[in-house]
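Each remark here refers to the structure printed beneath this line.
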Amino acid sequence: MTSHPSRHCTVELQALPSRIGQVRRIVSAQLRYWHLDPLIDRAALGVTELLSNVHRHARPDKSCTVELELLPDRLTVSVHDHDPRLPVPADATDPADATPLATCGRGLAMVAAVSESWGARPDGENGKVVWFTLPATAAAHGHPARPPQDTPRPAPARAPATAAVAAGVSAPPGAGATTGGGPAVPMKVAAMTTTATTAPAVAAAASAMADGGAAPG
């Protein structure tokens with residue numbers, strides 16, 4: 001029986017407008033690294049809507065965690081926050097409440113439109129998780145959009161845990177940064193933490209955040 005381990009990317013942040021754009025670029029870079037280019041637009045739109053809802057509505061604070069989990073047949077994108085109130089789609093509320101600021105109303109409608117499935121569940125006593133899934137087909141895994149197939153691909157470099165990310169990054173003692181399906185490496189960057197089978201572009205984006213700049217596009 002063949003085992004298919006999942007792959008993860010986790011980003012902790014304050015859901016502020018400037019951070020939401022940076023996380024969207026991190027998500028895009030990670031999906032390119034996993035050769036899931038066809039999913040980038042929908043995943044980036046979905047995570048933007050969920051983080052925007054955290055920014056507008058979450059109490060008592062805006063801290064949250066974005067997680068990508070890749071399995072052989074699907075990609076799950078989830079946002080964990082510290083507000084225990086579960087979201088209610090706009091079509092399940094009183095029409096008078098379905099305003100642009102209605103709790104997760106328009107955002108969830110957009111998420112439902114771009115995803116295969118979505119849902120929400122309590123996360124302990126003081127939080128919740130809102131998630132959506134996208135189909136990760138065998139074609140998406142086996143036929144990366146870049147580089148072209150007739151271009152030799154260099155082997156992924158194994159970098160030390162302190163490489164690629166500038167000041168503000170830390171890793172646990174003895175942990176090594178790896179690519180492919182290897183172990184995850186925590187990277188602490190100011191108010192953000194990424195934990196991933198990390199794409200080089202993700203590390204570059206984290207480094208830019210540590211320096212207070214914009215993440216690369």
Check your understanding: For the side chain of K128 and the backbone of L86, is there at least one donor-acceptor N/O pair under 3.5 Å apart?
Key -> no
Review point. Just wondering, do F132 and S78 contact through their side chains at under 4.5 Å, heavy atoms?
Key: no
Practice item. Please determine, by modelled atom types, if Q22 and R25 share a side-chain donor-acceptor pair under 3.5 angstrom. Key: no
Review point. Of the non-hydrogen atoms in K62 and H55, which two are nearest, and what is the gap between them?
Key: NZ-O, 2.9 Å
**Study point:** Sub-4.5 Å side-chain heavy-atom contact between H82 and N126
**Key:** no
Check your understanding: Given T133 and S115, is the side chain to side chain contact (heavy atoms under 4.5 Å, CB included) satisfied, shown in steps?
Key -> CA-CA 6 Å; T133 65; S115 67; 5.7 Å; no
Practice item. Please say which of V11, L68, V47 ends up in a side-chain contact (heavy atoms from CB on, under 4.5 Å) with I26. Key: V11
Review point. Is H80 reaching over with its side chain to a backbone N or O of T65, donor-acceptor style, under 3.5 angstrom?
Key: no
Practice item. Applying salt bridge (Lys or Arg N to Asp or Glu O under 4.0 Å), name anything that partners D83, two or more places apart in sequence or on another chain. Key: R85
Review point. Does R42 have any side-chain hydrogen bond (donor to acceptor under 3.5 Å, both in side chains) partners at least two apart in sequence or in another chain, and if so, which?
Key: none
Check your understanding: Is there a side-chain contact between V77 and L75 (heavy atoms, below 4.5 Å)?
Key -> yes
Check your understanding: Do E67 and W131 pass the side chain to side chain contact (heavy atoms under 4.5 Å, CB included) test, and can you show the C-alpha distance, the side-chain angles, and the key distance before you say yes or no?
Key -> CA-CA 9 Å; E67 181 180 3; W131 55 268; over 6 Å; no
Exercise for review: Could you tell me the separation between the CG atom of L108 and the CG atom of N53, rounded to the nearest 0.5 Å?
Suggested key: 6.0 Å
Point to revise | Approximate separation, where rounding is to 0.5 Å, of L31 CG and D37 CG | key: 8.5 Å
Exercise for review: Return yes when atom CG of D61 has more than 12 non-hydrogen atoms of other residues, nucleotides or ligands closer than 6.0 Å, and no otherwise.
Suggested key: yes
Exercise for review: Any chance you could measure H35, atom NE2, to L70, atom CG, to the nearest 0.5 Å?
Suggested key: 11.0 Å
Check your understanding: Does the side chain of V79 reach to within under 4.5 Å of the side chain of L51, using non-hydrogen atoms?
Key -> yes
Check your understanding: Say you draw a straight line from CG of L50 to CH2 of W118; how long is it, rounded to the nearest 0.5 Å?
Key -> 9.0 Å
**Study point:** Gap separating the CD1 atom of I40 from the CG atom of L45, nearest 0.5 angstrom
**Key:** 13.5 Å
Review point. Taking it one step at a time, do V54 and V130 satisfy side chain to side chain contact (heavy atoms under 4.5 Å, CB included)?
Key: CA-CA 10 Å; V54 174; V130 185; over 6 Å; no
Check your understanding: Within a strict 4.5 Å, meaning less than it, do heavy atoms of the R74 and P135 side chains meet?
Key -> no
Practice item. Test side chain to side chain contact (heavy atoms under 4.5 Å, CB included) on C64 and L13 and set out the steps. Key: CA-CA 6 Å; C64 61; L13 70 148; 3.9 Å; yes
